[in-house]
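None of these values were measured; they are calculated from a predicted model. Numbering of ligands and ligand atoms starts at 1, following listing order.
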Amino acid sequence: MDGRLGRWGLGLLQSLSITLHRFWLALFDYLAGRPRLERTATGVRQPPHHWGVFTVQYPEEKLVLPERFRSFPVLLYEEETGKIRCTSCGICAKVCPPQCIWIERTTGPDGKPVPEPKDFVIDLSICMSCGFCAEYCPFDAIKMDHRYELATYERQRALVRHLPDLLVSTRYYAETHPLAWAEEEAARARKGRGAQAEAGE
Ligand code: SF4
Ligand code: SF4
C-alpha cells in the first residue's frame, strides 16, 4: 500500500511540476514583453519558441490548423471540368472501420455499371475521422477536410451527408492542403511521364 501511495505522490508531483514549468515560461514571455499569440490570415498561433500556457478566445479567435488536421471526409471534383474523381470502386467503404460509408454506383442505359457514384453517403455521426478512406482511395478522390464546427441538434439532416453535400473542388483542396496537393500533382506527373515512356512517345 505504501509503495502505491509513493508512486501516486510521485506522479502527482511530476504533473504539478509540468504545470509550474509552463506557468514560469508564460510569465517569462509576459515579462519579456513577447506577444502571447501571433495573428495570421487563417487564425492565431503561438509564436515559434514560445512554450508557455496561452488562451485562445474561441470562437472569436481560432487556432491555425496544421495541414494534416483531419475533421471529416469530402469528395473532390475537378475544378476545370466538374468531373467527380470517385469511380465508386468501394474500397473506402470496405476499409472504413465503423462502416459509415454507403455508395450507390451509376448504371448506364444498357444496365451496365458506370464508374461514377449515383449517391455517396457518409454518416458523420459515426465517422471517427481516422482518415483510412483517404489513405486507401486509389484515385485521390476522398480527402479529409478541415471544417470542424458541425454541432447540430438534428442528426439525420445535418450529419448524414449525401453526394452533393460532400463535394468540394480540387482548388479548395489545393488551398487547404498545399503540401499534399503538390506531392500528389508531382506523383501524377511522374506517372504520366512513365506511361508516355512505356508507350514509346
Ligand atoms: S472515394 Fe475513392 S475509394 Fe471510395 S469509392 Fe470513390 S474512388 Fe473508390
Ligand atoms: S475517416 Fe475513417 S471512419 Fe470516417 S469515413 Fe473515413 S474510414 Fe470511415
Side-chain angles (χ1 to χ4, degrees), residues 42-43 58-59 62-196 198:
T42 53
Y58 182 85
K62 286 175 193 162
L63 280 175
V64 175
L65 296 174
E67 178 170 329
R68 300 184 84 176
F69 172 81
R70 299 190 303 263
S71 60
F72 295 103
V74 284
L75 290 174
L76 299 192
Y77 67 86
E78 299 293 348
E79 173 79 17
E80 297 79 21
T81 60
K83 185 172 174 9
I84 297 171
R85 283 189 175 179
C86 176
T87 62
S88 66
C89 69
I91 291 175
C92 54
K94 282 202 178 69
V95 299
C96 174
Q99 294 287 287
C100 61
I101 300 178
W102 298 271
I103 302 164
E104 188 183 348
R105 182 175 264 189
T106 303
T107 310
D110 54 1
K112 290 185 180 164
V114 176
E116 58 189 55
K118 186 173 173 194
D119 200 3
F120 196 109
V121 186
I122 304 181
D123 188 341
L124 300 189
S125 68
I126 297 176
C127 172
M128 56 189 202
S129 303
C130 65
F132 277 15
C133 48
E135 289 290 327
Y136 281 91
C137 175
F139 301 98
D140 283 331
I142 188 165
K143 297 290 176 190
M144 299 307 288
D145 198 10
H146 281 174
R147 288 169 291 183
Y148 55 85
E149 289 168 317
L150 305 175
T152 175
Y153 288 109
E154 202 287 322
R155 172 175 170 260
Q156 285 293 333
R157 272 200 304 277
L159 296 179
V160 179
R161 297 269 168 101
H162 287 260
L163 184 62
D165 321 315
L166 292 168
L167 290 174
V168 298
S169 71
T170 45
R171 185 160 65 124
Y172 170 83
Y173 175 62
E175 283 169 6
T176 54
H177 296 74
L179 298 176
W181 172 259
E183 271 174 32
E184 287 163 23
E185 284 297 287
R188 257 190 289 283
R190 278 198 302 278
K191 206 170 157 188
R193 283 198 297 274
Q196 276 180 356
E198 259 182 43

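When non-hydrogen atoms are compared, ligand 2 lies under 4.0 Å from the backbone of Cys130 as well as from its side chain. Within the 4.0 Å heavy-atom criterion, neither part of Arg70 lies near ligand 2. Only the side chain of Ile101 comes within contact range of ligand 2, with a heavy atom under 4.0 Å; no backbone atom does. If you look at Ala93 next to ligand 1, there are no close heavy atoms at all, none under 4.0 Å.
Counting atoms of ligand 1 from 1 in the listed order, those under 4.0 Å from a heavy atom of Ile142 are 1 (S). Less than 4.0 angstrom separates some heavy atom of Cys100 from each of these atoms of ligand 2: 5 (S), 8 (Fe). In the vicinity of Pro98, heavy-atom distances shorter than 4.0 Å reach the ligand 2 atoms 3 (S). For ligand 1, the atoms sitting less than 4.0 Å from at least one non-hydrogen atom of Phe139 are 7 (S), numbered in the order shown with element in parentheses. Distances below 4.0 Å separate heavy atoms of Ile103 from the following atoms of ligand 1: 5 (S). Taking every heavy atom of Thr87 and a limit of under 4.0 angstrom, the matching atoms of ligand 1 come to 6 (Fe), 7 (S). Each of the atoms 1 (S), 3 (S), 4 (Fe), 5 (S) of ligand 2 lies under 4.0 Å from some heavy atom of Cys127. Of all atoms in ligand 2, numbered sequentially from 1 with element shown, those under 4.0 Å from a heavy atom of Pro73 are 5 (S), 6 (Fe). Below 4.0 Å from some heavy atom of Met128 lie the following atoms of ligand 2, by number and element: 3 (S), 4 (Fe). Those atoms of ligand 2 that come under 4.0 Å of a heavy atom in Cys96, given as number and element, are 3 (S), 5 (S), 7 (S), 8 (Fe).
Given atom 1 (S) of ligand 2, the protein heavy atom at minimum distance is Gly131 N, 3.2 Å. Of all protein heavy atoms, the one closest to atom 4 (Fe) of ligand 1 is Cys92 SG, 2.3 Å. Scanning the protein heavy atoms around atom 2 (Fe) of ligand 1, the nearest turns out to be Cys137 SG, 2.3 Å. Nearest protein heavy-atom neighbour of atom 5 (S) of ligand 1: Gly90 N, 3.2 Å. Considering only non-hydrogen protein atoms, atom 6 (Fe) of ligand 2 sits nearest to Cys133 SG, 2.4 Å.
By the 6.0 Å contact criterion, OH on Tyr148 is enclosed, its count of non-hydrogen atoms from other residues, nucleotides or ligands being greater than 12. Around the CZ atom of Phe132, the shell of radius 6.0 Å holds no more than 12 heavy atoms that belong to other residues, nucleotides or ligands. More than 12 non-hydrogen atoms from other residues, nucleotides or ligands lie less than 6.0 angstrom from CZ of Arg188.
Here Cys89 meets the criterion, with an N, O or S atom under 2.8 Å of atom 8 (Fe) of ligand 1.
Looking at Phe72 and Asp145, their side chains never come closer than 4.5 Å, going by heavy atoms from C-beta outward. Contact check for Arg85 versus Thr170: side-chain heavy atoms found under the 4.5 Å cut-off.
Among Leu76, Ile91, Ile122, the single residue meeting the side-chain contact (heavy atoms from CB on, under 4.5 Å) criterion with Ile142 is Ile122. Only one option out of Arg70, Glu184, His177 pairs with Lys143 in a side-chain contact (heavy atoms from CB on, under 4.5 Å); it is Glu184.
Between Leu159 and Leu150, the shortest heavy-atom distance links the atoms CD2-O, 4.0 Å.
Formation of a donor-acceptor pair under 3.5 Å by the Glu67 side chain with backbone atoms of Ala180 is found in this model. Between the side chain of Ser71 and the backbone N or O of Arg147, at least one donor-acceptor pair lies under 3.5 Å. In this structure, Glu154 contributes its side chain and Gln156 its backbone to a donor-acceptor pair below 3.5 Å.
By the 30° and 60° cut-offs, the orientation of the rings of Trp181 relative to Tyr173 is perpendicular.
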